[in-house]
Amino acid sequence: MSHELNDQELVRREKLQKLNELGIDAYPAAAFEVNCNSAQILAEYNDEEKNFQTVSIAGRIMSINSKGKVTFFKIQDEKGKIQLFVSIDNVCPNEDKTFYTSVVTHLLDIGDFIGVKGEVFITKTGETSIRVKEMTVLSKALRPLPVVKVKDGETFDAFSDVELRSRQRYVDLVVNPHVRETFLKRTKLIQTIRNFLNEHGAIEVDTPVLQSIPGGAAARPFVTHHNALDIPLYLRIANELYLKRLIVGGFDFVYEFSRNFRNEGMDRTHNPEFTVLEFYVAYKDYFWMMDYTEQMMEKIAIALHGTTDVPLGDKIISFKAPFKRVAIYDAIKEITDFDVSEMNEEQLRDVCKQLRIETDATMGKGKLIDEIFGGKCEGNFVQPTFIIDYPVELSPLTKKHRSKAGLVERFELFINGKEIANAYSELNDPLDQRARFEEQTKLMERGDDEAMFIDHDFLRALEYGMPPTSGIGIGIDRLVMMLTNQSTIQEVLLFPQMRPENPE
RNA sequence: GAUUCCGUAGCUCAGCUGGUAGAGCAAUACACUUUUAAUGUAUGGGUCAUGGGUUCGAUUCCCAUCGGGAUCACCA
């Protein structure tokens, strides 16, 4: 990709040339030994003890403020920023002052990486700084970085264009500390979950991303083709059926952070590829899973915020366990005043009409209930709430309710009106599972393009016997959104999907 | 997919009812040995997203295309 160079880019290339002429390699091969970082110095420097007198530190130049024979730089390393004090006499102790008058004052730019050695001190204005004795060019930047300035907490000229920020996340991360914070929190969230699961004996596994039957969920898959086998393959929409096969195989507690792919619309809460944590635990039911999920959520909130009260927009979300548990029929009754628990398909259609919910002929009883709940109810559950006991039609992989006819042992966790997790007492009766798949086939014939495919190998596995098991899928991207106070998914994905840029 | 708004310098933005563009930061040059949104003086930088149309003349009005945001629909 080439583009016409603007004036600033031309100047930087000339500077690179001049560095070369001075015998300075702007992209040296040798490692630069670092012995501390900016945050350490700022936190631990003691002006009386005079520690940090032989620091070696590296980073990117974020500002240059030349005052003649003295120049101040701010460099940024992974932990933050620190000021450098570079004076002509410190950096050029001998007769030859070329390094200062050419390199320091003319050939370095905002964005360049440098390494410095020197001693820490406090300037007249009270800023902890490094008095530089040696300076090494580590990498010359050929494009100008956006310059964001901050004073008294107010930000000037913020790099804020969403498209630029998403396409050039590397720039976004360099100049926007809050963006970096968000992604560090994402990592911490995933680590917290992984530790939590591992502490309880869970085994992390990898299952196929390329599947010949895209199962475990209802969604349109991406299709690809395998040349050697000459068969279509699908990018997974879920990994559920594979994890259950592992339960059959005798792993009693398995989990996977699964990148799933769905060929559907994109908006502020949907990206074509997204991350779901699924885990399955043998000999447990959905009640156990609710308890476990609460504990996990509470732990995550504390890990990221130090407290269970987490700000989200103008609300505070309390992740303090236990969470409220509401049966879906009770939720619908409470909010819409309709008792749909005994209704048939026709009556449900009538309710939808009264609630002004659009329906079509392909929708069965379960789907209609789902539409009512999704359209009128789910937005009401701002504080973490388990919605439980769904109609069987909606849940082809879920065990029938132990006491309530027509329902299954399923819950979804809602936070801020959004579905965060979906969990079941897993269906392990192979005959029932076969019947449910056949129901799905009927729905498919009726025109429901979200109905599930039959996976015969999965049925075979169940026929060998799967212990009673509870499993859950948790939308990690959305959970990160909740815990980092972000309203769009692209703010929690390092590289959200975008249309390709026009070739130049 | 539908509706709507947006696209001007490296970044953030002005540009009223049509007369080929401005600011701050960044950049260049000079001055300044403790600055901190440093300061002062001077200077350069733009096919106004792209392609058509209307017009004597379009950054401005109209149409199309490309890219993005928001809202809605579907999905997690």
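Naming: A, B, ... by sequence-line order, numbering from 1 per chain.
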Looking for any heavy atom pair under 4.0 Å, which part of the strands does A/Arg167 touch: base, sugar-phosphate only, or nothing? sugar-phosphate
Pair A/Glu412-A/Tyr390, side-chain donor/acceptor within less than 3.5 Å: yes
For A/Lys244, is there an ion pair with A/Glu426 - N to carboxylate O distance below 4.0 angstrom? yes
Nearest to the A/Val11 side chain among B/A27, B/U33, B/A38, which nucleotide is it? B/A27
Contact between A/Ile388 and A/Arg410 at the side-chain level, heavy atoms closer than 4.5 Å - yes or no? no
Please confirm whether the shortest side-chain N or O distance from A/Lys149 to OP1 or OP2 of B/C11 is below 4.0 Å. no
When you match A/Ser129 and A/Val147 each to their closest nucleotide on RNA chain B, which lands nearer the 5' end? A/Val147
Taking the P atom in each of B/A14 and B/A9, what is the distance between them to the nearest angstrom? 12 Å
Mind checking the C1' distance from B/A27 to B/G15? Whole angstroms is fine. 23 Å
Please classify the nucleic acid contact of A/Gln83 as base, sugar-phosphate, or nothing, using heavy-atom distances under 4.0 Å. base
Need one value for A/Phe73: base, sugar-phosphate or nothing, where a base atom within 4.0 Å counts as base even if backbone is also close, heavy atoms only. nothing
Hey, which of these two, A/Ile122 or A/Asp477, hits RNA chain B nearer its 5' end, going by closest nucleotide? A/Ile122
With a 4.0 Å cut-off on heavy atoms, is A/Lys15 in touch with a base, just the backbone sugar-phosphate, or nothing at all? sugar-phosphate
Separation of atom CG in A/Asn263 from atom C1' in B/C74, rounded to whole Å: 13 Å
Taking only the P atom of each, what is the distance from B/A21 to B/U28 in whole angstrom? 26 Å
Does the side chain of A/Tyr255 reach to within under 4.5 Å of the side chain of A/Leu277, using non-hydrogen atoms? yes
Which dot-bracket string fits RNA chain B when only Watson-Crick or G-U wobble pairs with both atom distances under 3.5 Å count, crossing pairs get [ ], and | stands for a partner on a different strand? (((((((..((((.....[..)))).(((((.......))))).....(((((..]....))))))))))))....
Please list, pair by pair, any protein nitrogen or oxygen found under 3.5 Å from a nitrogen or oxygen in nucleotides 20-22 of chain B.
none

Centroid-centroid under 6.0 Å between A/Phe85 and A/Phe121 rings: yes
Compare the minimum distances between each of B/C25, B/G68, B/U28 and the side chain of A/Arg499, then state the nucleotide with the smallest one. B/G68
A/Arg143 CZ - B/A27 P separation (whole Å): 17 Å
Could you go over nucleotides 70-72 of chain B and give all protein N or O partners under 3.5 Å, atom names and distances?
unit_1 : atom_1 : unit_2   : atom_2 : d
B/U71  : OP1    : A/Arg268 : NH1    : 3.3
B/U71  : OP2    : A/Arg268 : NE     : 3.1

In the structure I gave you, are the side-chain heavy atoms of A/Asp389 and A/Leu407 within less than 4.5 Å of one another anywhere? yes
side-chain contact (heavy atoms from CB on, under 4.5 Å) with A/Val147: which residues, sequence neighbours excluded? A/Ile110, A/Lys149
Between A/Phe453 and A/Tyr234, how do the two ring planes meet: parallel, tilted or perpendicular, split at 30° and 60°? tilted
Can you label the angle between the A/Phe373 ring and the A/Phe414 ring as parallel, tilted or perpendicular, going by 30° and 60°? perpendicular
Quick one: the side chain of A/Thr123 and the base of B/U35, do they pair up donor-acceptor inside 3.5 Å? yes
Given B/C30, B/U33, B/A37, which nucleotide is nearest the side-chain atoms of A/Val70? B/U33
Close N/O contacts between protein and nucleotides 12-14 of chain B (under 3.5 Å):
unit_1 : atom_1 : unit_2   : atom_2 : d
B/U12  : OP1    : A/Asp161 : N      : 3.2

Distance-only donor-acceptor check, side chains A/Thr385 and A/Arg325, under 3.5 Å: no
Under 4.0 angstrom, heavy atoms only, what part of the nucleic acid is A/Val150 near: base, sugar-phosphate, or nothing? sugar-phosphate
Under 3.5 Å, which N/O atoms of the protein pair with N/O atoms of nucleotides 43-46 of chain B?
unit_1 : atom_1 : unit_2 : atom_2 : d
B/G44  : N2     : A/Asp7 : OD2    : 2.4

Looking at side-chain heavy atoms only, is the closest gap between A/Arg131 and A/Val86 below 4.5 Å? no
Mind checking whether A/Tyr45 and A/Phe52 have parallel, tilted or perpendicular rings, split at 30° and 60°? tilted
Assess whether ring-ring contact (aromatic ring centres under 6.0 Å, His included) is satisfied between A/Tyr292 and A/Phe279, documenting all intermediate values. CA-CA 11 Å; A/Tyr292 194 73; A/Phe279 63 87; 5.7 Å; yes
If the P atom of B/C72 is compared with that of B/C16, how far apart are they to the nearest Å? 32 Å
